[in-house]
Amino acid sequence: MNDLETKRSRLSVPVPRGSSENSLSRNLETQHHSVVLSNDLTAEILSLLPLESLMQLKCVCRSWKTIIFDPIFIKMHLHQFQQNKRINVNENILKFIGSHNGLLCLINDSHTAGHEQILLYIWNPATRSLSNEIVFCCEEAGFCPFYGRPRQRSSWYEYRRRWKFSFCYDNSNDTYKILAFRLMSNEVRLFSSRDNIWTNIQRLPVVPIDYGDLFHGHLRINGAVCMKEFGVQDSWNQFLKISYQSLPIDSNVLIDLKQYGSRLALLPLCLNGNDDTLILAWSIDSQTLLYNLRDNRVEINITDISIEIEWLLAKDYIDSLVLNRPQYFNYLLV
Amino acid sequence: MAAEKSSIKIITLIAADGSVFEVEPNIVKEMKTVQSYIDELDQNTVSIPLPNVFGNDLAMIIEYCKKHASEEETKEAKEEFDFEFVKRMKSDDKLRLLQAASYLNMESFLQFMAKAIAAEIENQSVEFVRDYFQIESDFTPEEEAELRKENEWAFK
């Protein structure tokens with residue numbers, strides 16, 4: 001019954017009760033001009049609108065603006081639009097590390113080897129706001145950030161000594177995290193939006209690959225291991241394993257894997273809504289693959305896009321209202 | 001369901017203006033507010049006052065429920081009905097039905113109305129939307145200008 005009372009009290013229409021004929025007809029006449037929606041119902045409607053509309057409609061009145069920037073509404077909106085993921089293709093100046101809930105994590109790539117700081121940013125392209133810089137300090141001079149790659153040594157050596165970054169969202173406590181790792185020293189550091197600091201965590205249990213690296217018998221996929229609990233080493237889980245046999249590789253080529261290996265790479269781009277199809281970037285012929293998780297079937301994704309896309313550098317992205325300023329990180333994402 | 005437990009044959013719904021609607025239990029299944037009344041009472045016939053819903057609106061909601069509860073209707077026919085259903089309504093009708101859906105706690109009908117309204121205001125100007133919802137701006141002209149400027153890309 002309490003529930004019912006609440007439902008009733010949510011309504012703000014004037015309620016005619018046991019009224020005489022006259023007052024009743026007056027009510028019926030006026031009702032057409034006095035529909036005032038509760039904030040809950042307004043939010044229900046607004047959550048169905050795309051972000052461009054919302055950015056415009058925040059000017060309707062104060063209460064709409066409050067609704068649109070309410071953390072609970074932001075989550076509701078995000079949930080509605082979670083299905084409309086877009087794949088975003090890499091930009092040049094700030095390199096794109098990853099995206100969650102409409103926030104992009106970017107790295108300043110203009111630093112050349114020898115610099116001791118890497119700058120990272122969180123950007124919300126839909127609301128056009130950029131976070132303060134997040135500074136990553138490397139004690140050792142001569143490191144080589146992300147894509148900058150003087151190739152005087154073997155690419156494997158370069159790959160091992162480079163710091164690599166990955167952007168994560170921990171939905172257990174609504175925190176955005178940046179994971180930095182370097183194979184050579186087997187270091188892993190984690191930046192958390194909750195306390196805005198980098199902390200050292202245990203090393204990675206498996207070697208995440210850059211494209212072009214190959215392991216025996218199975219491809220290990222960058223990002224295909226997931227940590228169930230942040231900072232707990234035992235919680236790393238293998239998410240999936242794709243056998244060579246299921247890939248569209250010519251069987252003659254399979255015999256000489258080592259030779260082919262330097263060109264073979266798979267990178268997960270996104271998982272569809274039902275969690276049953278994974279889209280993977282495939283280094284051969286700039287294609288993408290559809291991987292069906294239910295029956296381990298692989299299909300080449302034929303797209304009719306005529307431009308060549310560097311799928312291996314692509315990340316998924318959705319519009320959102322999520323705020324990226326560090327001071328909001330702590331409390332706005334309830 | 002409660003309707004199966006007891007032997008209720010007919011539900012009487014009384015709207016705010018006193019108009020009376022007699023419906024079968026399967027029609028009110030989606031109205032959780034009504035359902036909770038029925039669950040509490042254990043009688044053959046129940047009459048339920050709905051002081052927050054006007055007769056015209058209740059008639060439309062019942063029409064919608066009847067169509068959607070019917071097993072004979074095809075999916076296409078239901079979609080066609082939905083389309084016509086919102087087409088003949090004015091904006092304030094839609095807003096009132098949304099309120100009624102909320103009061104009656106009808107989850108999918110509420111979603112349906114919210115979508116219909118959202119579709120109408122999507123990509124519309126601030127002025128159109130204010131008019132639609134009968135909202136007066138409470139921003140000062142300076143504040144509004146500032147907000148719009150901040151957001152010029154959205155007004156393109």
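The sequence lines fix the lettering, A, B, ..., with proteins before strands; numbering per chain opens at 1.
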Query raised in the report: Taking atom types as modelled, is there a side-chain donor on B:Asp17 or B:Ser19 under 3.5 Å from an acceptor on the other?
Result: yes
Query - Between A:Asn101 and A:Tyr176, a side-chain donor and acceptor under 3.5 Å - result: yes
Query - For B:Glu79, salt bridge (Lys or Arg N to Asp or Glu O under 4.0 Å) partners two or more places apart - result: B:Lys75
Query raised in the report: Where along residues 114-121 of chain B does a heavy atom come under 4.5 Å of chain A, listed by residue number?
Result: B:Ala114, B:Lys115, B:Ile117, B:Ala118, B:Ile121
Requested in this report: Name all residues meeting the side chain to side chain contact (heavy atoms under 4.5 Å, CB included) criterion together with B:Glu143; count only those two or more places apart in sequence or in a different chain, and write none if there are none.
Outcome: A:Arg62, B:Phe139, B:Thr140
**Report entry** Contact origin within B:Ile135 toward chain A - heavy atom pairs under 4.5 Å
**Finding:** side chain
Report summary line: For B:Lys67, the side-chain hydrogen bond (donor to acceptor under 3.5 Å, both in side chains) test, sequence neighbours excluded, returns B:Glu73
Query raised in the report: So does A:Lys75 pair up with A:Asp174, basic N to acidic O under 4.0 Å?
Result: yes
